[in-house]
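To start, the structure under review is shown below, and the notes come after it.
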Amino acid sequence: MPKHPKIERSANYDYYADVLWCCVPLIVMSCYYYGLRPALLALTAAVTAYLCDGLLSPLHAKGYQPHEPSSECFAVLLTMLLPASVPYYVVIAGAVVAVFVKEAFGGEGHYPFHPSAVALAVVGLSWPDQVFFYPTPGTPLPLWDAGSAALTAGMNATLSSGGLPTDTTLNLVIGNVSGPMGASCILVVAACGLLLLCRGHLKLSAFLPYLIACVLIPWLLPNLNELPAFSFPWEYVRQRVYLEKYIVLSGTMLFGGIFLASEPVTQPNRHSSRIIYGLALGAFAAAMRYMSDYETGFCFALLLVNAIPEWLDMVARRTERVKFMKREEKRLAKYRPE
């Protein structure tokens with residue numbers, strides 16, 4: 001009997017597998033606050049992505065090769081950015097969009113924009129009332145139809161208007177706040193980030209500049225109604241510290257930096273490029289928090305910055321080549337006769 005060719009695993013297989021495993025505790029915490037509905041939503045997204053991947057793969061010459069779980073990973077990440085009350089048809093539509101974005105550019109390893117961020121932008125603009133408003137945690141939601149649940153805007157609506165939310169630090173850390181079902185529990189998100197860092201998936205050369213920009217810009221330019229239009233960075237320290245608490249611990253700033261910005265295909269390859277990439281992403285993310293009410297504005301910032309990694313790597317290569325040529329000229333000049 002003819003032997004089937006061995007299917008080689010993708011170079012990024014471990015990354016996608018680890019991210020999927022990291023989503024498990026996030027789903028568990030979401031189920032603690034909202035019942036079993038978040039788990040069923042995540043399962044629906046993963047199954048939809050798996051089926052779409054199999055249907056669209058004939059577009060490639062090699063056909064379907066189950067060598068990496070990137071489609072399922074993108075679909076589950078999208079679900080983590082949605083409210084627990086979101087209708088199932090929105091999750092299905094988002095998973096389909098994520099797979100289409102991946103396959104349209106040639107499949108795994110070729111897409112310039114993060115599929116989960118594109119999917120969130122599409123479903124958010126299509127169904128804003130179902131995507132950008134969140135149920136109150138602590139009350140289990142109906143498993144199938146959660147249309148009767150009371151929904152509220154996230155904390156970013158208060159921050160963008162110049163106010164400060166009233167949620168306690170403990171509630172922010174354990175996720176007992178209204179927000180995206182998988183991004184609100186900062187304690188679990190940070191633990192998953194530590195795991196990805198230890199596994200070599202989270203690049204500090206991009207994450208630390210991103211985090212610095214996200215913290216530094218609100219400190220220098222605080223959007224607070226109780227502060228004057230201009231003040232020095234060493235003035236009103238208490239108000240700035242309170243603002244930074246909500247900037248860091250609410251919304252999708254930390255979740256996005258750990259789970260989305262670390263995607264190996266859409267971020268630059270070179271160390272110096274990742275530093276600039278992280279700074280630019282942090283600046284755009286801070287701007288989105290100022291100008292947008294959306295709790296998931298990070299995804300729009302990520303789509304903007306996803307356009308520059310190739311350019312950054314090209315500039316870095318040319319800079320390194322020029323430096324190398326100069327070093328070679330100096331080295332050869334020592335052996336030239338005077």
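In this text the structure is predicted, and so the values were computed from the model without any measurement.
Closest heavy-atom contact between Ala75 and Ala49: CB-CB, 3.7 Å. Counting all heavy atoms, side chain and backbone alike, Arg274 lies closest to Asn269 at NH1-O, 2.9 Å. Closest of all the heavy-atom pairs between Met181 and Pro83 is CE-O, 3.1 Å. Closest approach of Pro209 to Ile275, counting heavy atoms only: CB-O, 3.6 Å. Of all heavy-atom pairs between Phe298 and Gly257, the closest is CZ-N, 3.9 Å. The heavy-atom pair separating His114 from Phe259 by the smallest distance is NE2-O, 4.4 Å.
Linking Ile, Leu, Val, Met, Phe, Trp and Tyr residues whenever their side-chain heavy atoms come within less than 4.5 Å places Phe207 and Ile308 in a single cluster. By the rule that hydrophobic residues join a cluster once side-chain heavy atoms approach within less than 4.5 Å of another member, Met314 and Ile276 end up as members of one cluster. Hydrophobic clustering of Ile, Leu, Val, Met, Phe, Trp and Tyr side chains at less than 4.5 Å, counting indirect connections, unites Tyr210 with Leu197. In the hydrophobic clustering of ILVMFWY residues, with side-chain heavy atoms under 4.5 Å counting as a link, Met291 and Tyr246 come out apart. Under the 4.5 Å side-chain heavy-atom criterion for Ile, Leu, Val, Met, Phe, Trp and Tyr, Met288 and Val215 are members of the same hydrophobic cluster.
For the atom pair CG of Leu159 and OG of Ser292, the computed distance is 11.5 Å after rounding to the nearest 0.5 Å. Considering OG of Ser178 and OH of Tyr33, their distance stands at 11.5 Å, rounded to 0.5 Å. In this structure, the separation between CG on Leu164 and CG on Leu224 is 5.0 Å, given to the nearest 0.5 Å. Note that OG1 of Thr169 and CG of Leu249 are 7.0 Å apart. Values are rounded to the nearest 0.5 Å. Atom-to-atom distance recorded for Arg289:CZ and Glu295:CD is 6.5 Å, nearest 0.5 angstrom. Interatomic distance, Ser273 OG to Glu310 CD, rounded to the nearest 0.5 Å: 9.5 Å.
Not a single donor-acceptor pair under 3.5 Å links the side chain of Arg37 to the backbone N or O of Cys31. Here the side chain of Arg240 pairs a donor or acceptor atom with the backbone of Glu235 at under 3.5 angstrom. A donor-acceptor pair under 3.5 Å is formed between the side chain of Ser184 and the backbone N or O of Pro180. Remark: the backbone N or O of Val265 is not paired with any side-chain donor or acceptor of Tyr111 at under 3.5 angstrom. Looking only at distances, no side-chain donor or acceptor of Asp18 sits under 3.5 Å from a matching main-chain atom of Leu196.
Looking at Pro222 and Gln239, their side chains never come closer than 4.5 Å, going by heavy atoms from C-beta outward. The shortest distance between side-chain heavy atoms of Pro228 and Tyr236 falls below 4.5 Å. With a 4.5 Å cut-off on side-chain heavy atoms, Asn12 and Glu263 do not count as touching. Taking 4.5 Å as the limit, some side-chain heavy atom of Leu40 sits within range of a side-chain heavy atom of Leu143. Side-chain contact check for Pro309 versus Tyr277: some heavy-atom pair is nearer than 4.5 Å. Residues Met155 and Leu172 have side chains in contact (heavy-atom distance under 4.5 Å, counting atoms from C-beta outward). Between Leu221 and Tyr290, some side-chain heavy-atom pair lies under the 4.5 Å cut-off. Between Pro69 and Leu20, some side-chain heavy-atom pair lies under the 4.5 Å cut-off.
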Worksheet item: Please walk me through it: do His271 and Ser205 pass side-chain contact (heavy atoms from CB on, under 4.5 Å)?
Response: CA-CA 6 Å; His271 182 84; Ser205 54; 3.4 Å; yes

Discussion item. Checking Val177 against Ser250 for the side-chain contact (heavy atoms from CB on, under 4.5 Å) test, could you report, in this order, the C-alpha distance in whole Å, the side-chain angles of both residues, the deciding distance, and whether it holds?
Written reply: CA-CA 9 Å; Val177 293; Ser250 70; over 6 Å; no

Practice prompt. Would you check, one step at a time, whether the test side-chain contact (heavy atoms from CB on, under 4.5 Å) holds for Glu244 with Ile247?
Written response: CA-CA 5 Å; Glu244 293 290 354; Ile247 290 291; 4.3 Å; yes

Worksheet entry | Evaluation steps, ring-ring contact (aromatic ring centres under 6.0 Å, His included), between Phe300 and Phe284 | CA-CA 9 Å; Phe300 296 95; Phe284 278 110; over 10 Å; no

Item to complete: For Val91 and Leu82, run side-chain contact (heavy atoms from CB on, under 4.5 Å): C-alpha distance rounded to whole Å, both residues' side-chain angles, the deciding distance at 0.1 Å, then the answer.
Response: CA-CA 8 Å; Val91 171; Leu82 297 173; 4.0 Å; yes

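More than 12 heavy atoms of other residues, nucleotides or ligands shown are found within 6.0 angstrom of CH2 on Trp219. Applying the 6.0 Å contact sphere to OH of Tyr15 captures more than 12 heavy atoms from other residues, nucleotides or ligands. Counting heavy atoms of neighbouring residues, nucleotides and ligands inside a 6.0 Å radius, atom CG of Leu36 does not exceed 12 of them. Annotation for Tyr88: atom OH counts as buried by contact number, over 12 foreign heavy atoms lying within 6.0 Å.
Ring planes of Phe230 and Phe232: perpendicular class, angle over 60° (limits at 30 and 60°).
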For residues 123-138, which side-chain donor-acceptor pairs fall under 3.5 Å, sequence neighbours excluded?
from: Ser126; atom 1: OG; to: Val122; atom 2: O; distance (Å): 2.7

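Of the listed residues (Leu303, Leu302, Asn306), just one forms a side-chain contact (heavy atoms from CB on, under 4.5 Å) with Val118, and that residue is Leu303. Test Thr296, Asn156, Leu260, Leu120 against Thr252 for side-chain contact (heavy atoms from CB on, under 4.5 Å) and you get one pass: Thr296. Residue Phe74 forms a ring-ring contact (aromatic ring centres under 6.0 Å, His included) with just one option from Tyr16, Phe113, Phe100, and that option is Tyr16.
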